[in-house]
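A short worksheet on the structure shown next.
The first residue of the sequence shown is numbered 1, and numbering continues consecutively from there. Keep in mind that this is a model prediction, so the values were computed, not measured.
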Amino acid sequence: AWSFRPFTLSDSDMAKEAKQTAAIASSTGKNIALFWVMVLSGLGLVFAPPTMLILIVGMIPSLVAILLKTERTGTLAAMLAFNLAGIIPVIGILWERGQNFQEAFKLLSDVYMWLAMFGGAGIAVFLAWAVPIVVFAAYELQAKANIVKLEKQRSKLVEEWGGQFVTDVKEYSQVGR
């Protein structure tokens, strides 16, 4: 009673294989992104050192976020985008005044430039951590309002059908289990 069964992967084996493939693809994508960041940084340091000074100093909050290795990739993307959005006007001012280290250090000594650069990162942190709390609170209030509405409907049903209706429903639900 020997029978031939072709080799098949179980669902858990297929899930493990899919996770491994996704991890390899993800690490490859990260490596390519890191490669291009390094190439562009090197070119920037050679051809525009004052701009790179402002950029590197201004991106400190994003670098800290990268080092924290948070699981929420959207948080990191928001941090990078908003931080960069805060730095771009400062770089524009540097280019307008002349791209040299003297102007770069003048900009870095201005507290309002720091506010502009780090303000973008602060907005990203607010969006990443405070907005989910606010949304949860709104959903909780909505759920409480629905509970109050349903309790009113239940009390109307009890008035209309009497108290026996509630005990009949309880007995029916216990029989069904």
Side-chain angles (χ1 to χ4, degrees), residues 3-37 55-92 111-177:
S3 67
F4 175 75
R5 261 185 55 202
F7 177 73
T8 58
L9 292 175
S10 68
D11 288 341
S12 62
D13 290 337
M14 285 192 288
K16 287 179 188 175
E17 187 176 323
K19 284 182 184 178
Q20 288 173 347
T21 305
I24 291 170
S26 174
S27 67
T28 303
K30 287 179 185 176
N31 289 339
I32 291 171
L34 181 62
F35 170 76
W36 283 110
V37 166
L55 187 66
I56 290 170
V57 169
M59 292 296 281
I60 288 173
S62 294
L63 296 174
V64 170
I66 289 169
L67 291 175
L68 290 177
K69 293 186 180 182
T70 180
E71 296 296 321
R72 294 167 34 183
T73 56
T75 303
L76 183 59
M79 175 68 81
L80 287 166
F82 278 91
N83 198 190
L84 191 59
I87 295 170
I88 288 174
V90 179
I91 290 175
V111 73
Y112 293 110
M113 296 301 149
W114 284 94
L115 179 65
M117 291 189 294
F118 286 2
I123 291 170
V125 169
F126 172 75
L127 289 175
W129 288 324
V131 169
I133 293 170
V134 171
V135 170
F136 176 78
Y139 278 143
E140 189 175 16
L141 287 174
Q142 184 181 13
K144 286 180 181 179
N146 284 339
I147 289 171
V148 168
K149 184 175 117 180
L150 290 172
E151 285 177 349
K152 285 181 183 178
Q153 287 179 351
R154 182 179 179 267
S155 64
K156 286 181 183 178
L157 282 174
V158 169
E159 285 177 16
E160 187 177 324
W161 289 84
Q164 185 62 34
F165 173 74
V166 175
T167 56
D168 290 344
V169 169
K170 285 181 184 177
E171 289 175 8
Y172 179 74
S173 65
Q174 289 176 353
V175 171
R177 289 183 186 178

Tell me the closest heavy-atom pair linking N83 and P61, and the distance in Å.
OD1-CD, 3.8 Å
Closest approach of M79 to A121 (non-hydrogen atoms, all atoms of both residues):
SD-CB, 3.5 Å
Quick one: list whatever passes side-chain contact (heavy atoms from CB on, under 4.5 Å) with I91, sequence neighbours left out.
T51, I54, L55, I87, W95
V131: partners by side-chain contact (heavy atoms from CB on, under 4.5 Å), with sequence neighbours left out
F126, L127, V135
Side-chain contact test, heavy atoms from C-beta onward, threshold under 4.5 Å: evaluate it for F82 versus V125 and give yes or no.
no
Nearest-0.5 Å distance, CG of residue L80 to CG of residue L63
8.5 Å
Rounded at 0.5 Å granularity, tell me how far CE in M117 sits from CE in M113.
8.5 Å
Using the ring pair (Phe, Tyr, Trp, His ring centres under 6.0 Å) criterion, which residues pair with W129? Sequence neighbours excluded.
none
